[in-house]
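Structure first, commentary second.
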Amino acid sequence: NPLSPPSSCTKGPGPVIPATPLLSFLVRVQETALQTYGKSNFDPKHYVDLPLKSNLSTTVEAFDKLPKTEDGSVSVKDFEAFIGKYFTDAGDDVVYAEPVDFVPEPHGFLPKVESPEVRGWALEVHALWKNLSRKVSSSVLHHPELHTLLPLPRPVIIPGSRFTEVYYWDSYWVIRGLLASKMYETAKAIVTNLIFMLDTYGHVLNGARAYYTNRSQPPLLSAMVYEIYNRTGDVEFVKKSLPPLIKEYRYWNSDIHELIIRDAEQCNHFLNRYYAMWNKPRPESSTIDEELASKFLNDSEKQQFYRELASTAESGWDFSTRWMRNSSDFTTLSTTTILPVDLNIFILRMELDIAFLAKTVGENAITEDFLRASQKRRKAFSSIFWNENMGQWLDYWLNNGADCEEPQTWKAENQNQKVFASNFVPLWIDLFNSDIHLVEKVTKSLQNSGLLCAAGIATSLTNSGQQWDFPNGWAPLQHMIVEGLSKSASMEARTVAKDIAERWIKTNYVAYKKTGAMHEKYDVEKCGEFGGGGEYTPQTGFGWSNGVVLAFLEEFGWPKDKKIDCD
Ligand SMILES: OC[C@H]1O[C@H](O[C@H]2O[C@H](CO)[C@@H](O)[C@H](O)[C@H]2O)[C@H](O)[C@@H](O)[C@@H]1O
């Protein structure tokens, strides 16, 4: 791929970004906390989010002196006294920031929402941007060594609850909502922060914490810049963003994330996978990962499993049977040997966005290069991911032990024929949704897939207890599929899009009225119920859900007399 950096592909164990001394110490504190309190209501992330009051060495010394029993536990009294003396509360270093562009009812807000009831709720959701707006405290800026929270120059919108830092892919849907709320400055500030991370660490981090430096998340920075430009026409913003976007493109097409597949016509395709630069337990979930890995006796198997866990977190779908070779055995997680449909769609979108944005600022040579790259990837979608019988695009499984140097030959049996919402994400891209015959075929396939439920699109058909599986529905997945279908010239596709959007709006509304909150995920089998499963308790707030509801209400509106309760 001529747009990729030169390959420095090496065989053997992959790269690792070392943890900071503070982070390694907080993982020890987390382990002791688990021994001390036990598993019930234990959230490991809490301990790696604790800000230090003073320097690390004094704190470590005090920790080492705590009287410990043989199993590593400390008395609750001693542990609490230690935490109180040496740490401020988790979240103390993330402070409220008044959004500069928030007004209670923006001029021209959701013009198609005529129902007073729905309008009232939409204004409450809009007001949640104020609750979720944060900046780093001055201690983070002046003493970053005391915090795992990373210093960022501008305010952010956080997802909410335990997620008190900005997240990469969440920000795309947060921004879609902010644009409906006419909060353009807040939207641009988020992008400025993500670009700051890209400049500082070489990639946009999963989130703004020291424990996320070893991986990214689904790459949607170019899509954020595109949407903001589309609303504001701010050419200066595009000029500033273009070089970082090209830098990010190179990151995703560098050796660890890029592989070559040779199709039946002997044509090579450069495609991408998730791959974290980490081979230990995820610090934010260290106690959980260690327990999960306990079945492996051999160190190199353990390290590979830890890399799979972190790479799955990079995918944003943590966790799901989608990444498991055997869907009933979590330890068969194999994310690094999968070419995911959605990741490759995000990179195709990056190519198209960069081509468009470069044209906007007169960089025609860049436009040409990126259009060429997008045409190649478009072909790869037909040869590698498309399955004509199913009318869906399927993830492609690499042979075990894949390395980046040797092209692998495409085999039909390596397409994962299980149904996931991600199989329909290509519809989001105009190259696909503008083809009416294709859209009609894929729409039929979606209708027959089993994913369409009473309250939205299910993530998969497998009820595994993982959060990115049935019966959970996630706002980003609803949005990409609905937006794709609704752009099509096919009447049938547009009707399906509107129907899904209405079901999703209803379930968000009814759950909000019942619980007083917007939720991170919903149960698509039961209208008005939030989702569950996974390694942490269900969270509220919630950035991307708010963004998608506002974007749907802006697009589809709500008539004056239409009911909004669950039928
Ligand atoms: O602490 C466990 C994991 O939590 C995050 O993942 C989930 O929340 C994110 C924020 O809303 C979301 O982006 C992701 O899709 C969710 O699965 C975090 O991103 C993971 O890295 C972390 O291990």
Side-chain angles (χ1 to χ4, degrees), residues 14-17 19 23 26-27 30 43-49 148 150 158-159 161-172 194 197 201 203-220 251-252 256-257 272-293 302-324 330-338 340 342-343 346 395 420 422 459-460 464-469 472 474 476-477 520-521 533-537 539 543-544:
V16 171
I17 293 189
L23 191 52
L26 291 176
V27 168
Q30 181 193 90
D43 187 348
K45 183 176 185 294
H46 172 81
Y47 296 93
V48 291
D49 288 357
T148 57
L150 300 174
I158 60 165
S161 306
R162 82 196 281 270
F163 299 116
T164 55
E165 50 285 316
V166 69
Y167 280 77
Y168 183 6
W169 78 317
D170 298 54
S171 296
Y172 174 78
L194 300 181
M197 289 201 252
Y201 303 96
H203 57 276
V204 183
L205 309 185
N206 178 151
R209 286 276 176 187
Y211 45 80
Y212 289 143
T213 55
N214 56 59
R215 58 177 181 265
S216 189
Q217 248 196 343
L220 289 166
Y251 170 75
W252 279 98
I256 57 169
H257 288 115
N272 305 78
R273 63 170 168 181
Y274 291 107
Y275 195 92
M277 292 172 280
W278 191 241
N279 62 1
K280 296 189 190 65
R282 290 164 302 148
E284 74 282 14
S285 303
S286 183
T287 48
I288 300 173
D289 289 2
E290 269 182 23
E291 194 180 330
L292 290 168
K302 268 201 171 122
Q303 285 177 5
Q304 186 52 39
F305 179 60
Y306 289 140
R307 197 182 290 281
E308 298 300 343
L309 286 166
S311 302
T312 312
E314 184 172 67
S315 80
W317 282 49
D318 44 332
F319 291 98
S320 169
T321 49
R322 185 176 170 201
W323 314 112
M324 288 147 63
F330 189 72
T331 61
T332 63
L333 213 57
S334 307
T335 311
T336 64
T337 48
I338 296 173
D342 47 359
L343 171 61
F346 299 145
D395 288 343
F420 299 100
S422 47
T459 309
S460 77
S464 65
Q466 300 298 341
Q467 60 170 354
W468 287 86
D469 265 323
N472 282 344
W474 293 81
L477 301 177
E520 174 197 28
K521 52 192 177 257
E535 67 181 30
Y536 54 82
T537 54
Q539 304 295 299
W544 60 22

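Everything quoted here is computed from the prediction, not taken from an experiment. The figures here come from the full heavy-atom set of this structure, side chains too, leaving out hydrogens, waters and symmetry mates.
Considering only heavy atoms from C-beta on, R215 stays 4.5 Å or farther from L205 through its side chain. Looking only at side-chain heavy atoms (C-beta outward), P219 and V204 stay at 4.5 Å or farther from each other. Two residues are said to be in side-chain contact when any heavy atoms from C-beta on lie closer than 4.5 Å; I338 and R273 fail this criterion. Within the 4.5 Å cutoff, the side chain of Y168 has heavy atoms near those of the S216 side chain. Residues S334 and W323 form no side-chain contact, since every pair of their non-hydrogen atoms from C-beta on lies 4.5 Å or further apart. Using a 4.5 Å heavy-atom cutoff, the side chains of L26 and P283 are not in contact. Side-chain contact between E520 and Q467: present, with at least one pair of heavy atoms (C-beta onward) separated by less than 4.5 Å. Taking 4.5 Å as the limit, every side-chain heavy atom of M324 sits out of range of all side-chain heavy atoms of F319.
Taken from CD1 in I158 to OG in S171, the straight-line distance is 11.5 Å, to the nearest 0.5 Å. To the nearest 0.5 Å, the span separating CH2 on W317 from CG on L477 amounts to 5.5 Å. Note that CZ of R307 and CG of N214 are 9.5 Å apart. Values are rounded to the nearest 0.5 Å. Within the model, atoms CG of L309 and CG of D318 stand 9.5 Å from one another, a figure rounded to the nearest 0.5 Å. From S320, atom OG reaches atom CZ of F420 across 5.0 Å, with rounding to the nearest 0.5 Å.
The minimum heavy-atom distance between N272 and W252, with the atom names listed, is ND2-O, 2.8 Å. Residues V27 and S286 share a closest heavy-atom pair of CG1-OG, 3.5 Å. Minimum interatomic distance between A313 and Q217 (heavy atoms only, all atoms of both residues): O-CG, 4.1 Å. Listed here is the closest heavy atom pair of S315 and P218: O-CG, 3.2 Å. The two atoms that bring I288 and E535 nearest to each other are CD1-CB, 4.0 Å, heavy atoms only. Closest heavy-atom contact between M277 and H203: CE-CE1, 3.7 Å.
Under 3.5 Å, the side chains of T459 and N472 contain no donor-acceptor pair of N or O atoms. Side chains of T312 and T335: a donor on one and an acceptor on the other come within 3.5 Å. Between the side chains of Q304 and Y306, no donor N or O sits under 3.5 Å from an acceptor N or O. A donor and an acceptor atom, one from each side chain of Y211 and D49, are located under 3.5 Å apart. For E308 and T336, the side-chain atoms include at least one donor-acceptor pair closer than 3.5 Å. R209 and T164 share a donor-acceptor pair across their side chains, judged by distance under 3.5 Å alone.
S464 places no side-chain N or O within 3.5 Å of a backbone atom of T321 that could act as its donor or acceptor partner. Of the possible donor and acceptor atoms, none in the side chain of K280 sits under 3.5 Å from a partner among the backbone N and O of Q303. Although no hydrogens or angles enter the test, the distance criterion places a donor-acceptor pair under 3.5 Å between the side chain of Q30 and the main chain of P44. With hydrogens and angles ignored, the 3.5 Å screen pairs a side-chain donor or acceptor of E314 with a backbone N or O of Y275.
Salt-bridge annotation for R282 and E290: absent, with no side-chain N of the basic residue lying under 4.0 Å from a carboxylate O of the acidic one. A salt bridge links R322 with D342; the closest basic N to acidic carboxylate O contact falls under 4.0 Å.
A centroid separation of less than 6.0 Å is found between the aromatic rings of Y167 and Y212.
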I would like to know whether Q466 and F330 meet side-chain contact (heavy atoms from CB on, under 4.5 Å); could you show each step before the answer? CA-CA 10 Å; Q466 300 298 341; F330 189 72; 3.5 Å; yes
Working for side-chain contact (heavy atoms from CB on, under 4.5 Å), residues L292 and F305: CA-CA 9 Å; L292 290 168; F305 179 60; 3.8 Å; yes
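Taking the six-membered ring for Trp and thresholds of 30 and 60 degrees, Y536 and F163 have ring planes more than 60 degrees apart, a perpendicular arrangement. In this pair, W474 and W468 present their aromatic rings parallel. The plane angle is below 30°, not in the 30 to 60° band.
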